[in-house]
Amino acid sequence: MPELPEVETVARQLGPELEGREIERLEVLDERWSRPVPPERLAAAVSGRTIIGLGRRGKYLLLGLDGGQTLVMHLRMTGNLVLVEGEEKLDPSEGMRLYEGERSASERFMRARFELDDGRQVWFTDPRRFGEAFLIDDDQLPTRFAAIGVEPLSPDFTPEELGAQAQGRTAPLKSFLLDQARIAGVGNIYADEALFRARLHPLSPAGSMKPEHHLALRDAVVDALEAGLTHGGASIDDYRDGRGEKGEMQNEFLVHTREGEPCPACGGPIARIVVSGRSTYFCPSRQTRLRKRPRRRPSRRAT
DNA sequence: CGCGCAACCTGTCTGC
DNA sequence: TGCAGACAGGTTGCGC
């Protein structure tokens, strides 16, 4: 689920709500969440701390705490971070099957719970249990994220930077966009959407782009991510924002999950292929493959 | 070194 | 109805 627009949406919503609040108690219910640190140890380290703010780096959420430390969280595939005002009000995993005696599916999937000093709670829910969290000294953050690539919504994300990252890459453009070490925060949804906007074929080698393509792809990545932000993120299935609400971006997809539907630009059918294990949607007639060398004009036989 | 893929998990949906 | 298989927003480690 959560790619840059979804994580950013949560950070923007919850940041102002959490800033200045004290975490009276953190309860860690799943040892996988804090692994390899024992749940009770992470809980004890975070309990009693005051929140400075909530930020984002790539797809990571950064909960700044007093004392010069940050709780880094990653939602992975199905994680949600939701502010809960009344226990019964919100169900971040609404739509999931309820078993007997359960008030909400969220409770079953709760991995951690923050109790704030104003009586509200923040739940980290995650059915697939891929989500994780760790506490880190602030001065270690640059080192920890040194291998994460450029932030695509920052001024540093220029066509030249994108070109430098793509230089010499033989991997398909789809894989290139998913590589967090090059561009941070793009995932399966927005990679498809960006390639469609740039009219680039997902299987074209990243290194085959020319400067005009660097510019087109830079703009397309930015536009796709901003569309996601504008519509509050994409809720294909599990994603909920910081208030437990679905996003609307899934209704705005140009190609992602739209196999067989008409291309919004030409009307031809959207195709689905698998690229390095990920479902990939594109318009075969508009997203043409780049050639390593210009095709020779067919020579006419002299008559 | 770069790249593709299996593995990590749990749940839902589809087809036989 | 039951059941096997495919598939799901991400990341990591391993083999080639």
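Protein chains get the first letters and strands the later ones, always in sequence-line order, with residue 1 at the start of each.
The side chain of Ser279(A) places an N or O atom within less than 4.0 Å of a non-bridging phosphate oxygen (OP1 or OP2) of dA8(C). A close approach under 4.0 Å does not occur between any side-chain nitrogen or oxygen of Arg35(A) and OP1 or OP2 of dC8(B). Note on His74(A): a side-chain N or O is less than 4.0 Å away from OP1 or OP2 of dT11(C). Taking only side-chain nitrogens and oxygens, Arg76(A) never comes nearer than 4.0 Å to OP1 or OP2 of dT11(C).
Sorted by residue number, the members of residues 168-187 of chain A with any non-hydrogen atom under 4.0 Å from DNA chain C read Gln180(A), Gly187(A).
Side-chain atoms of Arg128(A) come within donor-acceptor range of the base of dC9(B), with a qualifying N/O pair under 3.5 Å.
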Could you go step by step and tell me if Tyr60(A) and Phe145(A) meet the ring-ring contact (aromatic ring centres under 6.0 Å, His included) rule?
CA-CA 10 Å; Tyr60(A) 289 88; Phe145(A) 290 121; 5.1 Å; yes
Is there a salt bridge (charged side-chain N to carboxylate O under 4.0 Å, His left out) between Glu27(A) and Arg25(A)? Walk through the geometry before answering.
CA-CA 6 Å; Glu27(A) 184 179 15; Arg25(A) 194 168 84 97; 3.4 Å; yes
Can you check salt bridge (charged side-chain N to carboxylate O under 4.0 Å, His left out) on Arg12(A) and Glu8(A), steps first, answer last?
CA-CA 6 Å; Arg12(A) 287 184 187 178; Glu8(A) 180 70 17; 2.9 Å; yes
With salt bridge (charged side-chain N to carboxylate O under 4.0 Å, His left out) as the criterion, how do Glu6(A) and Lys59(A) come out once you've worked through the C-alpha distance, each side chain's angles and the decisive distance to 0.1 Å?
CA-CA 9 Å; Glu6(A) 288 74 31; Lys59(A) 298 171 190 170; over 6 Å; no
Before you tell me yes or no, could you show the steps for Arg129(A) and Asp30(A) under salt bridge (charged side-chain N to carboxylate O under 4.0 Å, His left out), namely the whole-Å CA-CA distance, both residues' side-chain angles and the distance that decides it to 0.1 Å?
CA-CA 8 Å; Arg129(A) 303 173 67 206; Asp30(A) 186 344; 2.8 Å; yes
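In the model, Thr125(A) has no side-chain atom that pairs as donor or acceptor with a side-chain atom of Arg111(A) under 3.5 Å. With hydrogens and angles left out, the side-chain atoms of Gln121(A) and Trp123(A) include a donor and acceptor closer than 3.5 Å. Side-chain polar atoms of Gln13(A) and Glu17(A) form no donor-acceptor pair below 3.5 angstrom.
A donor-acceptor pair is defined here as one N or O able to donate and one able to accept, closer than 3.5 Å; such a pair exists between the side chain of His74(A) and the backbone of Arg76(A).
Here the side chain of Phe109(A) is nearest to one of dT10(B), dC7(C), dG10(C), namely dT10(B).
Taking the P atom of each, dA6(C) and dC5(B) are spaced 16 Å apart, rounded to whole Å. Taking atom C1' in both dT11(C) and dT12(B), the straight-line distance is 23 Å, to the nearest Å. Spacing of P atoms, dA7(B) relative to dG5(C), comes out at 15 Å, to the nearest Å.
Whole-Å rounding puts the Asp237(A) CG to dA6(C) P distance at 20 Å. Atom CE in Met73(A) sits about 16 Å away from atom P in dT11(C), given to the nearest Å. Atom pair Leu75(A):CG and dC9(B):P shows a separation of 18 Å (rounding to whole Å applied). Taking atom CG on Asp30(A) and atom P on dC8(B), their separation rounds to 16 Å, with Å as the unit. The separation between Leu4(A) atom CG and dG10(C) atom P is 11 Å, rounded to whole Å. When the C1' atom of dT11(C) is taken as reference, atom CD of Glu132(A) falls 8 Å away, rounded to whole Å. Look at CD1 on Ile148(A): it is 12 Å from C1' on dG10(C), rounded to the nearest Å. If you take CZ of Arg144(A) and P of dT12(C), they are 7 Å apart, rounded to a whole angstrom.
Stem list for DNA chain B (at least 3 consecutive Watson-Crick or G-U pairs, distances under 3.5 Å): B:2-8 with C:10-16, B:10-16 with C:2-8.
Summarising the geometry of Thr9(A) relative to Pro5(A), their closest heavy-atom pair is OG1-O, 2.6 Å, with the distance given to 0.1 Å.
Between His256(A) and Tyr60(A), it is His256(A) whose nearest contact on DNA chain C lies nearer the 5' terminus.
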